[in-house]
Amino acid sequence: MKKIEAIIRPEFLLKIKKELEKIGHFGLTITDVEGCGKQGGIIRNWRGEKYKVEFVEKVKLEIIAKDIDVEKIVKIIINTARTGEIGDGKIFILPVESVIRIRTGEEGDAAI
Amino acid sequence: MKKIEAIIRPEFLLKIKKELEKIGHFGLTITDVEGCGKQGGIIRNWRGEKYKVEFVEKVKLEIIAKDIDVEKIVKIIINTARTGEIGDGKIFILPVESVIRIRTGEEGDAAI
Amino acid sequence: MKKIEAIIRPEFLLKIKKELEKIGHFGLTITDVEGCGKQGGIIRNWRGEKYKVEFVEKVKLEIIAKDIDVEKIVKIIINTARTGEIGDGKIFILPVESVIRIRTGEEGDAAI
Amino acid sequence: MDIQVIINTIWVLVTAKLVFFMNLGFAMVESGFTRTKNTTNILSKNFIVFAIASLAYLFLGWGLMFGDGNGFIGLKGLFLLQGPDNSPLTGNDYRGVYSALSWVKVPLYAKFFFQLAFCGTAATIVSGAVAERIKYLSFIIFSFLMCMFIYPVVGHWVWGGGWLAKIGMLDFAGSTVVHSVGGWAALAGILLLGPRFGKYENGKTNIIPGHSLPLATIGTFVLWFGWFGFNPGSTMTADPVAISHIVVTTNTAAATSIISSTITSYILLGKPDLGMTLNGCLAGLVAITAPCAFVTVGASIFIGIIAGILVVLSVLFFDKIKIDDPVGALSVHLINGIFGTISVGLFAKDKIAGISTGNGLFYGGGVKLLKIQLLGVVSVGIFVFTLSLIFWYFIKKTIGIRVSLREEIEGLDIGEHGNIAYPEFYIKKTYF
Amino acid sequence: MDIQVIINTIWVLVTAKLVFFMNLGFAMVESGFTRTKNTTNILSKNFIVFAIASLAYLFLGWGLMFGDGNGFIGLKGLFLLQGPDNSPLTGNDYRGVYSALSWVKVPLYAKFFFQLAFCGTAATIVSGAVAERIKYLSFIIFSFLMCMFIYPVVGHWVWGGGWLAKIGMLDFAGSTVVHSVGGWAALAGILLLGPRFGKYENGKTNIIPGHSLPLATIGTFVLWFGWFGFNPGSTMTADPVAISHIVVTTNTAAATSIISSTITSYILLGKPDLGMTLNGCLAGLVAITAPCAFVTVGASIFIGIIAGILVVLSVLFFDKIKIDDPVGALSVHLINGIFGTISVGLFAKDKIAGISTGNGLFYGGGVKLLKIQLLGVVSVGIFVFTLSLIFWYFIKKTIGIRVSLREEIEGLDIGEHGNIAYPEFYIKKTYF
Amino acid sequence: MDIQVIINTIWVLVTAKLVFFMNLGFAMVESGFTRTKNTTNILSKNFIVFAIASLAYLFLGWGLMFGDGNGFIGLKGLFLLQGPDNSPLTGNDYRGVYSALSWVKVPLYAKFFFQLAFCGTAATIVSGAVAERIKYLSFIIFSFLMCMFIYPVVGHWVWGGGWLAKIGMLDFAGSTVVHSVGGWAALAGILLLGPRFGKYENGKTNIIPGHSLPLATIGTFVLWFGWFGFNPGSTMTADPVAISHIVVTTNTAAATSIISSTITSYILLGKPDLGMTLNGCLAGLVAITAPCAFVTVGASIFIGIIAGILVVLSVLFFDKIKIDDPVGALSVHLINGIFGTISVGLFAKDKIAGISTGNGLFYGGGVKLLKIQLLGVVSVGIFVFTLSLIFWYFIKKTIGIRVSLREEIEGLDIGEHGNIAYPEFYIKKTYF
Ligand SMILES: Nc1ncnc2c1ncn2[C@@H]1O[C@H](COP(=O)(O)OP(=O)(O)O)[C@@H](O)[C@H]1O
Ligand SMILES: Nc1ncnc2c1ncn2[C@@H]1O[C@H](COP(=O)(O)OP(=O)(O)O)[C@@H](O)[C@H]1O
Ligand SMILES: Nc1ncnc2c1ncn2[C@@H]1O[C@H](COP(=O)(O)OP(=O)(O)O)[C@@H](O)[C@H]1O
């Protein structure tokens with residue numbers, strides 16, 4: 001099992017969710033995050049003056065997936081969330097040692 | 001050392017914290033997240049019409065624990081956060097390579 | 001590649017970011033979290049009475065870094081975020097299996 | 001000075017101030033009923049619109065509306081209230097070019113400020129209906145044109161001694177003149193703008209909830225409060241019996257409409273919906289605006305009940321036909337403006353508060369008054385809708401009326417103002 | 001028409017509008033002082049309650065209160081203000097069944113609307129005290145019964161020519177009639193409802209802070225503003241000396257109460273607490289409500305100081321005896337309503353603003369007036385508390401008064417309305 | 001009683017209530033324009049300040065301002081309005097020690113309450129300018145001193161029959177007496193306090209946006225509404241022509257200032273900025289405050305336009321010279337208070353609303369009036385600024401005026417009040 005963490009633009013979240021549903025994957029957890037990277041901050045106005053907000057709003061998607069699904073899911077994210085402009089975000093894959101479903105106590109792949 | 005990530009119903013957070021304190025574990029970090037899975041979204045009303053909110057509010061608990069404590073902690077979470085209804089959430093266990101306490105610079109188990 | 005997760009006091013975030021920029025590291029993701037540990041909660045007032053807030057507001061910094069950068073980054077965080085008082089926070093290092101840049105599809109160190 | 005002039009002036013100015021205060025009410029209802037990403041934009045529109053109205057009505061609007069002229073427009077004293085006028089003298093002593101209001105015993109500027117507050121209301125109604133996608137500048141231009149031409153012309157017909165006044169149309173405080181006019185102008189705007197991105201997708205309607213019920217509630221209370229200026233103030237004379245009567249009919253219609261809209265939403269949704277309760281209150285107030293001085297308190301009970309049901313069904317109806325009105329302005333102001341105007345023809349009771357009107361259908365007066373009211377509704381509707389379409393179209397073809405899709409998704413606050421309303425709060429991202 | 005009638009009517013209506021506006025104040029204080037998960041519910045209650053009051057008071061309340069009758073209730077002209085009444089004629093010219101207000105030189109509907117605004121206030125007080133656990137429908141039913149029976153009967157006793165009026169009880173603007181009545185009804189409700197889940201756990205009190213101090217501050221300012229209608233308006237006559245006097249006593253008591261409550265909270269907590277400053281303001285206003293026309297400005301200074309101390313101690317006291325009042329309504333309205341009524345017996349100075357009252361204890365009048373005031377406080381307390389208990393009990397046994405525990409934990413907004421107040425904001429989860 | 005007294009009293013009290021209500025406006029503008037971490041503190045300051053003003057002005061301020069005395073201060077009837085005074089009698093019938101207001105036909109307490117509301121406004125202006133770093137107690141003490149000494153003395157000069165009144169300085173509703181006085185006192189405070197931590201760093205200005213545009217918009221609308229009490233109420237007499245005139249000049253200047261500030265910000269930033277639109281509205285209102293009764297509606301158009309441009313440039317200027325004014329109070333109240341006072345010397349038209357003033361420069365009156373106005377501006381400026389500096393300095397050297405750096409970073413809400421404004425919302429952390 002792997003944990004896929006994707007930092008994406010917020011507006012693509014719903015589309016990704018729908019694409020994942022199509023391949024039968026339903027479980028995911030999202031967190032509001034802010035990030036910085038190549039993409040600089042955003043310029044805003046305030047009572048006559050401009051200022052820069054250093055961090056850009058992103059959404060973090062966390063998906064625990066069976067090893068064999070990882071590639072498919074990554075592909076879906078890349079295809080759906082890419083605009084080609086700086087700030088599209090990144091995907092990280094981390095190893096997971098075990099997964100437990102609280103409701104039933106099931107463990108491993110069955111719990112995903 | 002392991003990282004225990006538990007996605008739970010928000011209302012159980014305080015109980016879990018108290019149970020963990022009983023076994024002498026105090027350190028934890030929580031994040032507000034939203035999730036989807038088997039549990040469908042929530043139906044709400046708005047000016048005469050119904051709509052579905054796709055994501056359900058959950059809390060993510062992150063606990064870094066010594067290897068020998070992991071099982072105890074997982075058990076506590078399962079026992080405290082289980083209602084038996086869909087949406088109870090999941091626990092993921094990830095490997096951790098090292099832990100450092102910023103205040104003292106201590107590393108490893110001593111830093112937990 | 002490693003994932004560095006640091007739980008820090010919010011007021012140090014901007015300083016850390018600037019220090020990291022000095023060594024040429026720009027990418028990071030932040031999340032608002034709350035934590036508990038050695039640091040007790042905070043006492044507040046409400047209409048004539050005192051109460052305790054169990055969780056203290058912290059910021060979680062997530063940085064994916066090449067193996068060789070990890071030590072430098074950790075040092076910067078420790079040096080910048082330490083006050084010596086309880087509540088300075090912790091750093092966790094987790095293994096990462098792969099990293100992908102959504103915009104280009106680049107993988108591995110190139111994507112960081 | 002004549003003591004009656006002093007008292008009337010106080011009454012007219014105090015009620016005008018309450019009507020002015022309704023701008024705050026509209027700003028809060030409309031921002032509460034829309035999304036955070038467009039809050040700065042809506043506040044900006046609802047704030048600047050009274051400034052725009054003040055200038056447009058001062059420069060020309062007042063003159064077109066109350067200047068002596070023909071049945072269709074005023075022709076004298078058009079600009080900047082410059083016509084001769086010796087108010088507060090009245091009757092035979094009056095010398096001036098604003099004779100339609102020569103019966104009102106207050107100075108000219110008091111008349112002007114009171115009428116300006118009404119003009120501003122008509123303009124602010126449009127703001128909510130076209131929210132979350134219209135360009136700021138385009139809204140400003142339309143508002144200016146509306147306050148300078150559209151509203152004053154209709155106002156002339158009904159209140160300025162024009163042709164509808166002459167055939168006996170009754171619209172005491174403006175169910176038609178203010179609310180329907182605002183509603184028709186809004187409808188024309190919505191049709192040319194189209195729905196918000198994501199609202200109607202593949203035959204499905206996505207509900208887009210507003211971001212703050214406390215703001216919407218503040219707004220509705222302020223509007224209800226302001227209506228106690230709007231309706232009784234429209235006497236423009238401190239007539240104790242009339243103003244007391246109007247206060248009670250106004251409040252009673254609001255009360256029954258609140259209850260009936262709440263029950264209707266309860267039946268439809270299984271739960272009582274605060275958004276509908278608030279819209280219900282406004283619906284009752286709009287509906288009682290035309291008849292408030294012409295009907296009994298008993299009749300106001302029924303007018304309110306009907307208004308409350310109408311507004312709920314109307315909101316659902318507009319969504320069904322894919323007319324995207326984020327705040328329910330059409331259901332509140334257009335539909336209930338029409339209903340209120342018609343209800344005069346149904347419920348009017350001669351001299352109930354001292355004003356002679358003849359009886360409506362339900363009081364044995366036959367359909368005479370009803371027909372006149374219907375004629376008023378239809379002719380105003382055609383005129384305002386057509387002229388508004390032309391104005392909107394003209395704006396669309398020149399500077400455009402709709403922001404870019406990218407701007408709409410990111411929010412108009414950033415795109416139009418470079419600003420966000422709540423920079424320190426974590427806001428959930430919306431996906432359309 | 002008699003110029004005095006015109007002026008009085010303007011005064012009565014303008015002040016009545018300010019009292020109406022207090023509904024916004026209550027809605028904001030009460031939602032600001034409670035949690036986000038119940039905000040829609042509280043707004044809904046505080047919004048609909050004036051509609052309920054409008055209907056209940058119109059249908060029967062007014063008649064019971066002001067209809068001619070015996071010392072306990074009105075018996076004539078009970079329903080829908082249908083009794084004969086030739087207001088604004090007064091004195092010997094008056095012909096009608098509402099003779100308790102026959103001295104007021106305004107039309108009947110002006111009297112009605114003014115009194116209705118007061119009735120609505122009494123009902124809205126209950127809303128905050130029972131907040132965060134009561135069923136929406138049960139609150140609506142109780143409010144209806146309260147405005148139809150409880151409030152009007154007490155009102156009849158004191159203001160409608162009933163037995164307390166006859167023995168000389170003085171309650172100028174309603175410390176007892178409005179505020180204590182609301183307070184007693186709320187206390188009965190709290191006792192039958194029990195505390196909110198999690199408030200008192202294993203002998204420990206969990207403090208549950210409100211979600212928005214800006215809303216609470218808006219509310220308190222609006223209430224303070226509204227009180228400038230409430231107290232001076234209760235003259236129901238534009239008597240320049242009296243109304244000027246009342247405005248100043250009212251404001252002064254509010255000011256000293258703000259200071260004394262802030263200092264008291266500072267002493268207790270080590271820091272000045274805004275929540276207590278706000279409650280202190282309301283406490284001073286409630287306390288000065290009965291005596292505002294009967295005491296000197298100097299006395300109002302002391303009444304305010306005492307009110308501000310009382311409210312802080314009272315909040316702590318109710319928490320100690322596990323009476324869970326989320327917004328401090330009992331401390332503000334009940335305790336200070338009682339104190340204000342009693343203070344008339346202590347501080348009254350004959351004819352200070354033109355009304356003959358006799359002197360209170362501190363001005364050499366002995367305990368005569370004080371005893372009457374106490375009798376009023378006690379008898380109203382017993383009556384309202386008992387009848388409210390019965391009504392609440394009856395509702396509890398039929399449709400129930402408390403939402404399910406699950407609903408309470410999730411929030412009444414979802415459970416009762418299927419709605420949330422701030423759908424786009426991230427809200428911290430509460431664990432009780 | 002004299003009917004004119006009754007009517008005047010109603011007018012004075014109703015407008016005074018509107019001015020009182022401006023406290024809500026200031027509280028919302030100032031909290032909306034600052035950060036969440038200091039919201040409780042700002043609300044606390046703006047709430048308690050009217051209580052402080054009420055007591056300071058009652059105890060001594062009124063007497064210093066309106067008591068008979070010399071050209072510089074009142075000397076009779078100083079404390080607690082205890083001087084003999086037989087208002088509402090006027091002219092030859094007047095017997096008393098407050099003869100500067102003996103022409104006003106209302107009871108003493110009505111005069112007092114109206115003037116108190118103005119005094120409170122001057123004090124509340126300071127709150128925003130010193131926000132986010134001042135100690136709560138220090139602000140309270142300064143406000144007390146200001147309402148007891150600084151404001152009343154200037155008030156005596158201009159409105160209390162003092163030396164500026166005698167040489168003919170004209171300040172109808174207080175561009176100088178209220179707004180500039182508030183502004184100068186604020187400037188002195190800012191200079192002794194220094195800028196907020198992080199505002200000016202290494203020669204760079206960090207912009208610190210306010211936390212809620214809806215609150216700021218509520219506040220500005222409430223202030224605009226309140227100004228319809230502030231300016232026309234300053235007649236203190238229900239003179240129909242004058243009050244109607246003033247309402248229109250006031251509104252027109254606000255309208256043009258809104259437009260000109262919006263356009264100016266649009267030119268500078270490339271986008272129209274709501275914060276500047278709101279400040280622009282207030283700027284226009286402040287500027288028209290002195291001349292509202294002395295200039296034509298046409299002139300008010302120009303006064304508004306200039307005010308709107310001035311306020312934008314002034315905000316930028318103060319930031320450039322590192323004077324940190326979180327809400328723009330100096331630009332609105334000080335700069336435009338000065339401009340408004342001077343504009344009387346430029347635009348005054350004799351008897352335009354019935355008051356004889358002589359003509360200003362642009363109406364052929366030469367520079368006579370202009371010079372007097374300038375003298376007034378300068379002398380008030382020197383007096384208020386110096387005395388305020390002394391008071392602030394005295395407070396600084398005793399209890400201190402600034403919170404600790406740690407407290408400032410964490411927020412004054414926690415440090416000063418142990419409270420936060422929005423305990424359930426996730427708030428973004430600020431790093432300075
Ligand atoms: N090394 C990193 N560690 C953690 N998060 C990162 C890292 N690099 C980028 N991110 C996240 O990805 C987002 C997008 O990265 P950015 O460099 O702006 O654009 P792009 O991914 O198109 O190169 C950032 O806002 C940040 O949240
Ligand atoms: N594969 C997954 N990856 C990440 N998060 C998941 C995954 N599956 C479930 N979750 C999280 O767990 C929560 C509960 O899951 P759900 O399937 O609704 O109920 P249950 O755990 O009872 O089967 C979800 O809301 C989501 O936050
Ligand atoms: N075992 C742990 N697992 C997860 N987070 C932890 C753990 N221990 C500490 N933390 C996080 O680190 C923060 C600081 O820890 P704390 O014990 O209060 O102070 P210190 O790090 O100075 O010893 C906590 O608020 C919490 O967010």
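Below, chain A is the first sequence line, B the second, and so on; all start at residue 1. Quantities reported herein were computed from a predicted structural model and do not represent experimental measurements.
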What part of [X] gets within 4.5 angstrom of chain F, counting heavy atoms only: side chain, backbone, both, or neither?
X	result
D/Phe112	side chain
D/Val12	neither
D/Phe47	both
D/Asn23	both
D/Ile420	backbone

Exercise: identify the closest heavy-atom pair between [X] and [Y]:
X	Y	result
D/Ile6	F/Ala238	CG2-O, 3.2 Å
F/His211	D/Glu424	CB-OE2, 3.6 Å
F/Lys428	D/Phe425	CE-O, 3.9 Å

Name the option with the most non-hydrogen atom pairs under 4.5 Å to chain D; the candidates are [options].
options	value
F/Ser212, F/Ala254, F/Pro272	F/Pro272
F/Pro232, F/Ala255, F/Pro209	F/Ala255
F/Ile243, F/Leu269, F/Thr15, F/Thr252	F/Ile243

As an exercise, state the distance from [atom1] of [X] to [atom2] of [Y], rounded to the nearest 0.5 Å.
X	Y	atom1	atom2	value
F/Thr217	D/Asn46	OG1	CG	9.5 Å
F/Ile10	D/Ile7	CD1	CD1	8.0 Å
F/Leu213	D/Ile42	CG	CD1	13.0 Å
F/Thr262	D/Ile48	OG1	CD1	4.0 Å
D/Ser54	F/Ile259	OG	CD1	9.0 Å

I need the residue from [options] with the largest number of non-hydrogen atom pairs under 4.5 Å to chain F.
options	value
D/Ser87, D/Ser44, D/Ala27, D/Ala16	D/Ser44
D/Thr9, D/Asn41, D/Leu24	D/Leu24
D/Leu43, D/Asp413, D/Val106	D/Leu43

Flag yes if more than 12 heavy atoms outside F/Tyr266 fall under 6.0 Å of its OH atom; otherwise flag no.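 Result for OH/F/Tyr266: open.
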Less than 4.5 Å apart, side chain to side chain, heavy atoms only: is that true for [X] and [Y]?
X	Y	result
D/Leu58	F/Ile301	yes
D/Phe21	F/Val222	yes
F/Val248	D/Leu116	no
D/Tyr422	F/Pro214	yes
F/Ser244	D/Leu13	yes

Side-chain donor/acceptor of F/Lys271 to backbone N/O of D/Gly415, under 3.5 Å: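 Between the backbone of D/Gly415 and the side chain of F/Lys271 there is a qualifying donor-acceptor contact (under 3.5 Å).
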Output yes when a side-chain donor or acceptor of D/His417 lies under 3.5 Å from a complementary backbone atom of F/Asp273, and no otherwise. no
Sole candidate of F/Phe221, F/Trp224, F/Phe225 that passes ring pair (Phe, Tyr, Trp, His ring centres under 6.0 Å) when paired with D/Phe50: F/Trp224
